[in-house]
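Just so we're on the same page: letters track the sequence lines, and every chain starts at 1.
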Amino acid sequence: ADKVVLQIDGAAAPFYAPLYAGVDKGIFEKNGIEVEFIYAAAADILTNIAAGNVDFGFPNGDAVVAAAANGLPVKVVHTTYQRGIGALLAKGSSGIKTYKDLKGKKIAVTSLASPNYLQLQVGLKQAGLSLDDVSVEVVATGAIVQSLQAGQVDAIVFSELRKYNLEADGTKVTMILSNDFLPSFGNVVVTSSKKLSANPDLVKRFTTAVTQSYEWVIDGHIGDALDISLAKYTPTWPKDQKAILTTAFEQTFVPSVWQSALTKQKGLGAADLAAWQKNADILAQYKVIDSAPKAADFVVDPSTIGK
Amino acid sequence: MAQSERMIDIAGVHKTFVADHGTVTALEPVSITIREGEFISIVGPSGCGKSTLLRLISGLDQATGGSITLNVSGRKRPVGFVFQEPVLLPWKTIVDNVRFPLDTAGVARAQGDKTALDLIKMVGLAGFEKALPRQLSGGMRQRAAIARALSDDPPILLMDEPFSAVDLMTRDNLNDELLRIWQSTGKTILLVTHSVDEAAYLADRVMVMTARPGKLQCVHTVELARPRGEQTKLDPAYHALVAQLRRDLRTPAGEAH
Amino acid sequence: MAQSERMIDIAGVHKTFVADHGTVTALEPVSITIREGEFISIVGPSGCGKSTLLRLISGLDQATGGSITLNVSGRKRPVGFVFQEPVLLPWKTIVDNVRFPLDTAGVARAQGDKTALDLIKMVGLAGFEKALPRQLSGGMRQRAAIARALSDDPPILLMDEPFSAVDLMTRDNLNDELLRIWQSTGKTILLVTHSVDEAAYLADRVMVMTARPGKLQCVHTVELARPRGEQTKLDPAYHALVAQLRRDLRTPAGEAH
Amino acid sequence: MILRGIAGLIATLVLWTAIVVIFRVPAFLLPGPLEVFARLLFLFENAKLFRHIGVTLTEIVAGFVIGTAVGILAGVVFARLPRVERFATPLILLLQTAPKIAIAPLLLLWLGIGPTPKIVLIAIVTFFPVMSGMVTGLRYGEGSFRDLGAVLKLSPWQSFWHIELPSALPAVLAGMAVATTLAMTAAVIGELMGANEGIGYLLSSGQENSDTAVVIGMVLLLSLIGWAFYEVIELIRRRSLGRFQLS
Amino acid sequence: MNRRFSAAVDYTLALAALLFVWWFATGPMALPTFLLPSPLRTWNALVTIALTGELWLHLGFTLQNIVLGLILGCIAGIAIAYVMTRFPKLAVWLDGPLVILQTAPKIALAPLFVVWFGFGVLSKIILIFSLVFFPVFVGAVAGFRTLDPKMKDLSKLLGLSAVQRFRQIELPAAMPEIFVGLKIGAVQALVGAVLAEWMSGKVGLGYLMTFASATYKTPLLFAAVLMTVVLGLVLHVALTILERRLLSWKGAKNG
Ligand SMILES: Nc1ncnc2c1ncn2[C@@H]1O[C@H](COP(=O)(O)OP(=O)(O)OP(=O)(O)O)[C@@H](O)[C@H]1O
Ligand SMILES: Nc1ncnc2c1ncn2[C@@H]1O[C@H](COP(=O)(O)OP(=O)(O)OP(=O)(O)O)[C@@H](O)[C@H]1O
Ligand SMILES: [Mg+2]
Ligand SMILES: [Mg+2]
C-alpha cells in the first residue's frame with residue numbers, strides 16, 4: 001500500500017467520521033492506500049501541500065481559492081462538501097433572526113482575512129447594511145465560541161458545526177447559513193499539481209476511497225462511523241454527544257452537505273465549476289484576493305482524474 | 001585616657017561552628033570588660049578566633065553562649081568595622097565607597113564629600129578618588145576600607161588586621177594617625193594584629209589568645225606613657241613588653257602562665 | 001646556591017593602566033636578570049607595582065613595553081603563583097583545592113592526595129582537609145593557597161605577600177619550610193613582602209622599589225651564610241641589612257642613593 | 001522539596017477554586033479543578049492519555065537536553081570570542097523572535113513531519129536562556145579565578161569544567177529554569193504545526209471543539225511537567241550550591 | 001568608540017551573511033515564493049506598506065505593547081523576586097503557584113485571555129507581561145541569592161534601611177543576573193506581542209502576519225517577520241549598551 005499523509009483542517013473531530021471509518025473499515029486499504037492523519041490550520045495545509053510536505057489536505061474551499069489566486073500549485077480533487085458551512089450564530093435570546101437585526105451589534109470573526117469576515121460583509125450588504133453599521137471584533141478560533149457564550153459579542157460568524165457544540169452545552173442558537181447568499185465549499189480534498197500529474201493513479205485511488213467511505217456512511221452507517229470516530233480518532237469528545245452528532249449528520253451532512261443535485265448525477269465529490277468560479281469572483285470582488293483564478297485551473301472533477 | 005564607664009561587657013562568650021567535616025570550636029568562653037575610650041589590641045595565632053570575637057561583638061554573628069553588652073544606648077550605628085578583607089562596593093568609586101556610611105546616614109553630600117576626601121588624603125589615596133576598587137592595589141584597597149570605617153565616626157571601632165597589607169612606613173603613619181583620631185575622639189578601639197610591635201605601641205591593653213580551640217591566654221596592661229611616638233619605641237618597657245608578647249605567642253596552647 | 005643560568009630576564013619592562021579617572025603608571029621601566037635557583041625578595045611601598053611586576057612575569061598581564069624572557073623551555077606550567085588574596089575555589093574542599101594543580105596536570109589521585117595532605121600538614125591545616133574555604137579564617141585560607149602553589153612543584157614560584165595574614169610564629173615556621181623546600185628543589189623564588197626582616201632572612205637579593213610611579217630603587221645582595229636559621233637572626237650583618245632596607249624604604253621616592 | 005511542592009500545588013488549587021467560585025466563572029470560560037480532573041480521567045480511559053503524555057515528554061526531554069548542551073557550549077564560545085557572539089547574535093535573535101507559527105511550513109519542509117521539528121523547536125527556545133546565563137556567568141565571573149586558570153595553564157576543557165562551569169552555574173541554572181517554561185510553550189507550538197499525537201494535539205482538538213475543560217486540562221498537564229523540570233533544576237541548584245559560599 | 005564601531009561592523013557582516021543565505025535559498029535553490037519569498041520581494045512588500053503608512057501604525061502599536069509589558073514585567077519580576085528572597089517562608093507558598101502559572105503554555109491560553117480580559121489592549125499587555133515576568137523573576141532571584149555574604153555583613157553593620165540595602169547593595173549586585181532575565185524577557189515580550197495580535201485584534205505586526213498568512217501574501221508575511229526580527233535586534237542592542245554602562249565596574253572579560 002502507498003503511505004500518504006492527509007492533513008486535516010483544525011483538529012480531530014467526529015465531523016470527519018467518514019474518513020476515520022474508511023480507514024478503520026479497510027476502504028482505503030482496499031484501494032492500496034495507507035493514511036496518516038495530521039492536523040493544522042487551513043492556510044498551513046495549503047502551503048504544506050504546495051511545498052510537498054504532505055500528500056493530501058482537507059481544508060475549506062475558501063482557503064483553496066485564496067491559495068490558487070496567489071499562485072500556489074494546488075488542485076481540488078474531491079469537492080467533498082458541496083456547500084459552505086459558514087454561518088452566523090447568535091444566542092437564541094438575542095433576538096437576532098436575520099442580518100438586518102445586526103445593526104449596532106458586536107460581531108466576532110476569527111480574522112480579517114478569514115472567509116467568515118467576507119461572509120459577514122456579503123451578508124450585511126444583502127441586508128442593506130455595511131461594516132459601518134456593526135462593530136467587528138477579532139477572536140481566535142480557540143475562543144470565539146466562548147466569547148459568544150460569555151456574551152462579549154452578540155453574534156459570531158463561524159462554522160455551522162459549532163451550533164451542535166453550543167446546543168450540547170445547553171445554549172440555544174439562531175443560525176443563518178452563509179451559503180444561502182454566498183456559494184462556497186466546506187472541506188475539500190486537495191493535492192499538489194505536481195502529485196496529480198506525476199501520480200494520477202494514486203490520486204484516483206485516494207479520491208475513490210474517500211467517495212466510498214462517505215458512501216458507506218450515507219448508506220446507513222452513521223452510528224457505526226461515529227462510534228469508530230469517538231472511540232479511536234476523536235477521543236477528546238464526550239461520548240454523550242453522539243446523539244447530537246447523529247442528528248447533525250442525519251439532518252445536515254447527509255442530505256445537504258455531502259450530497260447535492262450534482263452528486264446524484266456524477267457521484268460524491270463532483271465539482272461544480274460554475275459555483276467554484278462564482279465563489280472566486282466574489283472573493284475577488286471583496287478584495288480578499290487580487291484577481292479571481294479560473295476554477296478549471298485548480299478544481300478537478302474526480303471522475304476526470306487519470307483520463 | 002582612663003575612663004571608668006564600661007563600654008563592652010563580654011561574659012562567657014563562646015562560639016562553635018557546625019560544618020560538614022565536623023564541629024569547630026572557634027572560641028572557648030571569653031570574659032572581659034572594656035572601658036569607654038580604651039584601646040585594645042588582640043594578638044594570637046592564625047585561626048584562634050580573633051575575627052570571630054570581633055564579629056560577635058559587632059553583632060554580625062550570634063554567640064553559641066554567653067552574653068555581650070554594648071553600652072551605646074541610642075546610637076544607630078554603634079560600631080565601625082574594618083574587615084579582614086577590604087569589603088568595598090565594586091560598583092562605587094573610592095570616594096563613593098568612603099562616603100557610603102555618610103550617604104546612608106543622611107549626611108549632606110557636600111559635607112560627606114569633605115569628610116571623605118580628607119580621609120582619603122589621610123590614608124594616602126589622593127588622586128584615586130574616582131578609581132574603582134579593582135583598579136587599586138591590595139594595600140590601597142585596605143586603606144580605602146579603613147577610611148570608610150572612620151568616615152561616620154562610630155564610638156566603637158573594630159579593626160581586623162587593618163594594616164597587614166601595607167608597607168612599614170605607611171603602617172607607621174597610619175598607626176600614628178589612628179592614635180591621633182583615637183585621642184581626639186575618645187573612641188573605643190579593638191584592633192587585631194599579627195604585629196606585636198604594633199599591638200604594644202598602640203594599646204592600653206593587649207589580649208593574647210591561644211591557638212585552637214581559641215581562648216584568652218592573658219591580658220597585658222600597657223603602662224607606656226601617652227601620647228606615644230618615636231620616643232615610645234626607644235622605651236625599654238616597650239621592648240620588654242614586645243618580647244613578653246613574643247614569648248606568650250610561642251607558649252604552646254594550654255600552657256597558659 | 002650560586003647558579004649561573006639565567007632564569008628570568010626582565011628588560012625595560014613597564015606598565016601603564018588606562019582608567020576612566022586617568023592613566024596610572026604602575027611600573028616604570030625595570031630591568032633585572034634573575035638566575036636559576038635564586039631567591040629574590042621584593043619590598044616597596046603600597047601601590048608601587050610589586051603585584052603588577054609579578055603578574056607581568058607570570059604572563060597574566062601584558063607589559064606596555066619591554067620584554068620578559070623565562071628560561072623554562074618545555075615546562076607546561078613554568079610558574080606557581082601565590083596571589084595577594086587567596087584565590088581558592090569556593091566549591092572545593094581544602095584538600096581538593098590544594099590538589100587542584102595536580103589533578104589538572106593528570107597526576108594520579110592517590111599520588112595527588114598524598115602530596116596534598118603532606119602540604120596541608122606542613123602549613124598547619126591538618127584537620128581542615130574537608131573544610132570549605134569559607135569555613136577557614138583569613139590566615140588559614142592564605143596558607144591553603146600557599147600549599148596549592150607548592151603542590152605541583154613549579155620551577156619558578158611567585159609569592160605576593162604570602163604570609164601577611166599569619167601570626168609571627170606560623171610565619172617563622174613557614175619561612176623555614178619555604179627555605180627547606182627551596183634548598184631541596186632548587187626553585188627560583190620571587191617573594192613580595194612588607195616585612196624587611198623576612199625579606200633579608202630569606203633572600204639572595206632584595207629588590208627595593210619606590211613609590212608611585214613604581215620603579216626599582218636598588219638591589220641588595222644578601223651575603224648571609226646558608227643555610228639560614230636562628231643563628232642568622234643573631235648575625236650583625238643581618239641586622240645591618242634590615243636597618244638599611246628600612247632606611248631605603250624611608251627615602252622619599254626619587255632620592256635614590 | 002516535597003513539602004514545597006505540595007504546598008505550591010494546594011495553593012494553586014485553592015486560588016483556582018476561589019476564582020471560579022467567587023467570580024462565578026462559567027465552565028466554558030474556566031472550569032473548576034474537579035471538572036477538569038473528571039475530564040482528564042475521561043481522557044485517560046478513552047484517549048490513552050499516557051501515550052500522548054509520553055510522546056510530548058520525550059520531545060521535551062530531547063529538545064531540552066540538546067538545547068541546554070548547545071546553549072552551554074555556545075555560551076563558552078561566545079564568552080571567549082565576543083566577535084563570534086556578535087556575529088551569531090542576529091541569527092540567534094532571528095530564531096528566537098521569528099514567530100514559529102509563521103515559519104511552520106518551512107520547518108516541516110526542512111525537518112519533515114514527525115518529532116524532529118518539535119524537538120528542534122524546543123531546543124531552539126531552550127538554547128537562548130541557557131546561553132545567556134552561561135555568557136553572563138563567564139563574562140562577569142570572578143576575575144581572580146580566571147587568573148588562577150591562566151597560571152595553571154589549564155586546557156580549555158579543564159578551565160571550563162573546573163572553573164567556568166561552577167562559577168557560571170547559578171546563572172546557567174537560572175537560564176535553565178526559564179527554559180523549562182519556554183520549552184512547554186514550544187512543545188505546544190510544535191504540535192500545533194502538524195501532529196496527530198501528544199498533549200499539544202489533544203489541546204488543539206480541545207480548542208477546535210471549544211472544549212475549555214480539555215484545554216485547561218492539557219495546560220495543567222504541561223504545567224505539571226514544566227514544574228517537575230523546574231524542581232529537578234532546583235534540586236541540582238541546591239545540591240551544587242549548598243557547597244558554595246552562596247546561601 | 002573603536003569597539004562600538006567594530007561591533008557595528010560585526011552585526012552588519014552577520015546580517016549580510018543572513019541576507020546571502022536567504023538570497024541563495026530563494027535564488028539558486030529556488031524555494032518557491034509561497035514558502036520563502038526572495039529578499040527583494042519582501043523588501044518591496046515592506047516598502048509598499050511603509051509608503052502607505054500602514055507599517056508605522058502596526059509597528060507603533062506592537063512597540064508600545066512591548067515596551068509597556070516589558071516595563072511592567074520587569075518591575076514586578078524584580079519586586080516579587082526580592083520579596084521572595086527576603087522572606088523564604090513566603091517563597092514556600094508562592095514558588096509553586098508561580099512556577100505552575102509560568103510553565104502553563106501561554107500560547108494555549110492566549111485565545112482565552114481575550115475572553116477573560118476583553119478585546120482591548122489589556123489582554124495583550126497581560127499576555128506580554130506574563131511572558132516577561134518569569135525570566136526577569138528567575139534572573140533576579142538568582143542575583144539576589146548569590147549576594148556576597150561580605151556585602152550582607154556590610155549592610156547589617158551599617159544598619160541600612162530596607163530601601164537603602166536594596167538600592168545601594170542588593171540591586172547593583174544582582175544586576176548581571178537581572179540582565180540575563182531582561183534580555184530573555186525582551187525576546188519574550190516580542191513573541192508575546194505578536195502572539196497576542198495573532199490571536200485577536202486588528203492592528204499590530206502580529207495581525208499583519210495572520211492577515212498575510214491567511215491570504216498567502218507571503219512577501220508581506222516575511223516583511224512583518226523581518227520587522228519583528230529587526231525590533232528584536234534593536235531591543236537587544238539597546239539592552240546590551242545599557243548593560244555595558246551599568247556593569248562597567250565588573251571589568252568584564254572582553255568587555
Ligand atoms: N563560617 C565558619 N564555618 C565554620 N568554621 C568557621 C567559620 N568561620 C570561622 N571558622 C573557624 O573558626 C576558627 C576561628 O576563625 P577566625 O576567623 O576567628 O580566626 P582568626 O583568629 O581571625 O584567624 P586569622 O588570624 O587567620 O584571621 C577557625 O578554626 C575557623 O576554621
Ligand atoms: N586593573 C588596574 N587598573 C588600573 N590601575 C591598576 C590596576 N591594577 C593596578 N593598578 C594600579 O597600579 C599601581 C600598582 O599596583 P600594584 O597592585 O602592582 O601595587 P603593589 O605594589 O602590589 O601594592 P600593594 O603592596 O598595596 O599590594 C597602583 O597604583 C594601582 O592603582
Ligand atoms: Mg581573622
Ligand atoms: Mg600588591
Visitor: Might you point out which heavy atoms bring D/P90 and E/L15 nearest each other, and give the distance in Å?
Guide: CB-CD2, 3.8 Å
Visitor: Shorter than 4.5 Å, heavy atoms on both sides: which option in E/S213, E/P135, E/A142 has the most such pairs with chain D?
Guide: E/P135
Visitor: If you round to the nearest 0.5 Å, how far is CG of D/L222 from CD1 of E/I107?
Guide: 11.5 Å
Visitor: Report yes if some heavy atom in the side chain of E/L112 is under 4.5 Å from a heavy atom in the side chain of D/L29; otherwise report no.
Guide: no
Visitor: Quick one, E/Q188 and D/L182 - any side-chain contact, counting heavy atoms below 4.5 Å?
Guide: yes
Visitor: Enter the distance from D/S132:OG to E/H236:NE2 here, rounded to the nearest 0.5 Å.
Guide: 7.5 Å
Visitor: Please examine the side chains of D/T136 and E/F179, heavy atoms only from C-beta on, and report whether any two atoms are closer than 4.5 Å.
Guide: no
Visitor: Checking E/V194 against chain D: side chain, backbone, both or neither under 4.5 Å from a heavy atom?
Guide: side chain
Visitor: Where do E/W116 and D/L30 land on the side-chain contact (heavy atoms from CB on, under 4.5 Å) test, with the steps shown first?
Guide: CA-CA 9 Å; E/W116 289 342; D/L30 180 63; 3.9 Å; yes
Visitor: Would you say the side chain of E/V180 lies within less than 4.5 Å of the side chain of D/P129, judging by non-hydrogen atoms?
Guide: no
Visitor: Counting only non-hydrogen atoms closer than 4.5 Å, does D/L221 touch chain E with its backbone (N, CA, C, O), its side chain (CB onward), both, or neither?
Guide: neither
Visitor: Between E/T12, E/V191, E/L18, which residue shows the highest count of heavy-atom pairs closer than 4.5 Å to chain D?
Guide: E/L18
Visitor: Less than 4.5 Å to any heavy atom of chain E: does that hold for the side chain of D/L91, its backbone, both, or neither?
Guide: both
Visitor: So how far is it from E/L233 CG to D/L94 CG, rounded to the nearest 0.5 Å?
Guide: 10.0 Å
Visitor: Any side-chain heavy-atom pair from D/P99 and E/L195 closer than 4.5 angstrom?
Guide: no
Visitor: For D/A177 versus E/F134, what's the shortest heavy-atom pair and its separation?
Guide: O-CE2, 3.8 Å
Visitor: Are any side-chain N or O atoms of E/T103 and backbone N or O atoms of D/S223, one a donor and one an acceptor, separated by less than 3.5 Å?
Guide: yes
Visitor: What part of D/L13 lies closer than 4.5 angstrom to a heavy atom of chain E: side chain, backbone, both or neither?
Guide: neither
Visitor: Given a strict heavy-atom distance threshold of 4.5 Å, which part of E/I184 is in contact with chain D: side chain, backbone, both, or neither?
Guide: both
Visitor: Is there side-chain contact between E/D10 and D/T89, with heavy atoms separated by less than 4.5 Å?
Guide: no
Visitor: At a heavy-atom separation under 4.5 Å, does E/F222 approach chain D through its side chain, its backbone, both, or neither?
Guide: side chain
Visitor: Could you tell me which non-hydrogen atom of E/G232 sits nearest to which non-hydrogen atom of D/L93, and how far apart they are?
Guide: O-CD1, 4.0 Å
Visitor: At a heavy-atom separation under 4.5 Å, does D/V219 approach chain E through its side chain, its backbone, both, or neither?
Guide: both
Visitor: Using non-hydrogen atoms only, which part of D/Q207 is less than 4.5 Å away from chain E: side chain, backbone, both, or neither?
Guide: side chain
Visitor: Report the distance from atom CG of E/L36 to atom CG of D/L109, rounding to the nearest 0.5 Å.
Guide: 10.0 Å
Visitor: Locate the shortest heavy-atom distance separating D/F128 from E/K183; write the atom from each residue and the value.
Guide: CE2-O, 4.0 Å
Visitor: Do E/L109 and D/I216 have side-chain heavy atoms sitting under 4.5 Å apart?
Guide: yes
Visitor: Is it the backbone or the side chain of E/A17 that comes under 4.5 Å from a heavy atom of chain D, or both, or neither?
Guide: side chain
Visitor: Pick whichever of E/L35, E/T228, E/L31 has the most heavy-atom pairs under 4.5 Å with chain D.
Guide: E/L35
Visitor: For D/Y230 and E/V99, work out which heavy atoms get closest and say how close.
Guide: CE2-CG2, 3.3 Å
Visitor: So, for D/V215 and E/A108, which heavy atoms are closest and what is the spacing to 0.1 Å?
Guide: CG1-O, 4.1 Å
Visitor: Do E/K106 and D/M184 come within less than 4.5 Å of each other through their side chains, counting heavy atoms only?
Guide: no
Visitor: For the OG1 atom of D/T181 and the CD1 atom of E/I100, what is their distance to the nearest 0.5 Å?
Guide: 13.5 Å
Visitor: Which atoms of D/T212 come close to chain E, meaning under 4.5 Å heavy atom to heavy atom: side chain ones, backbone ones, both, or neither?
Guide: side chain
